[in-house]
J.: 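There's a structure below that I have some questions on.
Convention: sequence-line order gives letters A, B, ...; per-chain numbering from 1.
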2 protein chains.
Amino acid sequence: MGRWEPGADSRLREAAMELFLDRGFEQTMVADIAERAGVTARTFFRHFTDKREVLFDGSPDLLERSLAALESAPATTSVLDAVALALDAVAGLIGGDREYSKQRQAVIMANPELQERELIKLAHMSGALAAGLRRRGAEASEAELAAEAGLAVYRVAYAQWVDAAEDGDLRDVIRESMARLRSLTAGATPDQPSTAPDSDTVGTGVLQGVERPS
Amino acid sequence: MGRWEPGADSRLREAAMELFLDRGFEQTMVADIAERAGVTARTFFRHFTDKREVLFDGSPDLLERSLAALESAPATTSVLDAVALALDAVAGLIGGDREYSKQRQAVIMANPELQERELIKLAHMSGALAAGLRRRGAEASEAELAAEAGLAVYRVAYAQWVDAAEDGDLRDVIRESMARLRSLTAGATPDQPSTAPDSDTVGTGVLQGVERPS
DNA sequence: ACCGTCATGTCATCACGTGACATCAGGGGG
DNA sequence: CCCCCTGATGTCACGTGATGACATGACGGT
C-alpha cells in the first residue's frame, strides 16, 4: 500500500468541524459531512453513534489517561489531591493548542445539544474518577464528592482559560481554581440555614417542580 | 364553565410519566403520550419543545425560587453560604415526596438522553446562581466556582437521598454533603503536581483528544 | 482460485420535530 | 344578533436523524 490514507474517522471529524464552523451545527446535515469526507451518510453512523459524537469521540482517551494519573499517585495522597493529579493529566493533553480549543468551544457554545453532550462526558469522567478513588480506598460519598468538586474546578478553569485574552497554561489556571475553592470553603460555617418547609409544590426530578394535580 | 378540567400540560405530563415507567422512554412514542392525553402529537410539541422536556419543565420554578432565596440572604453572608441557602430552598421544594423522585430518577437513570437533559438543567441553575452571586458583588470566577461547587454538593446529596434505604430530609443530606466538602478541602495542599508536558496528542474540546493528523 | 472478513454502499423504514393552513370555541363590541 | 378576534387544537406535508437488512467490493490468507 502506498501513502498513508487518513481513516474515514479522521476525515469525517475534520469535515464536520469545518462545516460546523462555517454554517453552524444545526445547519449542517450529516449527508453534507459524509459527502465532504467522501463517504455516505450511512457510513457516518457506522463511525459515530451521533451527529454530535463526532465532536467528542476523544473523551475515552482523556478518561483513560486521567485514571492512569490517578492510580499512579502514591497511596498517601489525599482524595482531592489525587483528583488534582488527574485533572493535571487532562490539562496536559488538551492544553496544547488553545486556538483549536477556542474554535471547538465556539461551536459547542452555539448549540445546546452539544452542551448537553459535553456535560455528560464530564459527568462520565466524574463517575470514573469517583470509582478510581473508591478503588484507592476512599469512602463512597467522599469519592463522589471529591470527583464532582474536582470537575467543578475543571469546568470553571477551562472556561476561564479558553476565554482569556492572553495565552496561559491550562494547568496553572486549574491550580488557581483549586486554590480558590479551598479558600471559598475555608470560611466559617454558620448555623443551619433554616427555610420554612413551604412546599405546596411537588418536586419530582432533580429539577422538577410540578403543580400537584389537586 | 363547570368542573376544573386539568390542562393539556398536566395530562400530557402524567401520561408521559406513566408510559415511561411502563415501557421506558425510548419505547414510548410521542404519539402514544398524546393519544393517552387525548390530544394529537402535534399538540404535544406545542406544550413541550422536546419529548424529554415533558420530564423537566418544572425547573424554571425551582430556578426562580432558589434565586429568590439567594437574594433574600443578608449581604454579609459568604458566597458559599449564600449558595447553601439557595440549595436549601430547592431541597424544600423537591424534598417533599421521595417516592415520586425515585420513580423519576429511575426513568432518567435508564436513559442517557434524559441524563443529558438533567445535567444541562443543573448547569443552567449553576449559571443562574453564579449570576446572582455576582449581583451580590462577588468576583466573577469566585461566583462561578461557588455555584459549581454548590451544584456538585447538590448532585451528590440528591443521589444519596434518592437511593437511601430509609427516608430522610433532603436538606439534611445536603448539609452533610456540604460539610464533607469543607472537610475534603481542608487538607494540606502539597506542592504543585508536576506532570511532564507530554502532549503528542492534541486536546481540542473539553474532553477532546484527537490524534494530530501528522 | 477460493473463502472469510471488514468497510462501505444501497434501500427501506421509523420517529422526532416543524411550518403552513384549517377549524372550532368563547368573548366582546358593533 | 352577528361579526370578528383570539387562542387552542387538528390536519397535512416535509426535512432530518437514526437504524436494520442486504449487497458489493477490496484485501489477505490458504
J.: At under 4.0 Å between heavy atoms, which parts of nucleotides 19-25 of chain C does protein reach? Answer with one letter per nucleotide, 5' to 3': B base, S sugar-phosphate only, - none.
T.: BB-----

J.: Enter the inter-axis angle for the ends of the helix from dA1(C)-dT30(D) to dG30(C)-dC1(D) (five pairs per end, rounded to 10°).
T.: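 Taking the rotation axis at each end, their angle is 10°.
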
J.: From C-beta outward on K51(A), which listed nucleotide comes closest to its side chain: dA18(D), dT18(C), dG9(C)?
T.: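 Of the options given, the side chain of K51(A) lies nearest dA18(D).
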
J.: Starting from the C-alpha separation in whole Å, work towards a yes-or-no answer on salt bridge (Lys or Arg N to Asp or Glu O under 4.0 Å) for K121(B) and E53(B).
T.: CA-CA 10 Å; K121(B) 294 291 184 183; E53(B) 197 63 11; 2.7 Å; yes

J.: Could you measure the distance from the CG atom of L151(A) to the CD atom of E148(B)? Nearest 0.5 Å is fine.
T.: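 CD of E148(B) is found 9.5 Å from CG of L151(A).
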
J.: Would you check if R175(B) and R180(B) make a side-chain contact, meaning some heavy-atom pair closer than 4.5 Å?
T.: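 Not touching, per the 4.5 Å side-chain cut-off.
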
J.: So, OP1 or OP2 of dT8(C): does either fall under 4.0 Å of a side-chain N or O from H47(A)?
T.: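 The answer is yes; a side-chain N or O of H47(A) sits under 4.0 Å from OP1 or OP2.
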
J.: Is it true that atom CD of Q103(B) has more than 12 heavy atoms of other residues, nucleotides or ligands lying nearer than 6.0 Å?
T.: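 Result for CD/Q103(B): enclosed.
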
J.: Hey, is CD on E113(A) packed in by over 12 heavy atoms from elsewhere, all under 6.0 Å?
T.: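 For E113(A), atom CD is crowded (more than 12 foreign heavy atoms under 6.0 Å).
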
J.: Can R135(A) and E71(A) be said to form a salt bridge (Lys or Arg N to Asp or Glu O under 4.0 Å), step by step?
T.: CA-CA 9 Å; R135(A) 247 175 275 126; E71(A) 305 193 351; 2.5 Å; yes

J.: F25(A) CZ to dG17(D) C1': how many Å, rounded?
T.: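 Rounded to the whole Å, the gap is 10 Å.
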
J.: Just how far, in rounded Å, is P of dT18(C) from CD of Q27(A)?
T.: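 For the pair Q27(A) CD and dT18(C) P, the rounded distance is 13 Å.
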
J.: Anything under 30° is parallel, anything over 60° is perpendicular, the rest tilted; go ahead and classify F48(B) against F44(B).
T.: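 Because their plane-to-plane angle lies in the 30° to 60° range, the rings of F48(B) and F44(B) count as tilted.
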
J.: Between dC16(C), dG10(D), dT8(C), which nucleotide has the shortest distance from any of its atoms to the side chain of T43(A)?
T.: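 Output: dT8(C).
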
J.: Select from F48(A) and M29(A) the residue whose nearest nucleotide in DNA chain D is closer to the 5' end of that strand.
T.: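 The residue whose closest nucleotide sits nearer the 5' end is M29(A).
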
J.: Would you indicate what A8(B) reaches in the nucleic acid, counting non-hydrogen atoms under 4.0 angstrom: base, sugar-phosphate, or nothing?
T.: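 Sugar-phosphate, no base atom in range.
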
J.: Please work out whether the ring planes of Y158(B) and W161(B) are parallel, tilted or perpendicular, with thresholds of 30° and 60°.
T.: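 Because their plane-to-plane angle lies in the 30° to 60° range, the rings of Y158(B) and W161(B) count as tilted.
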
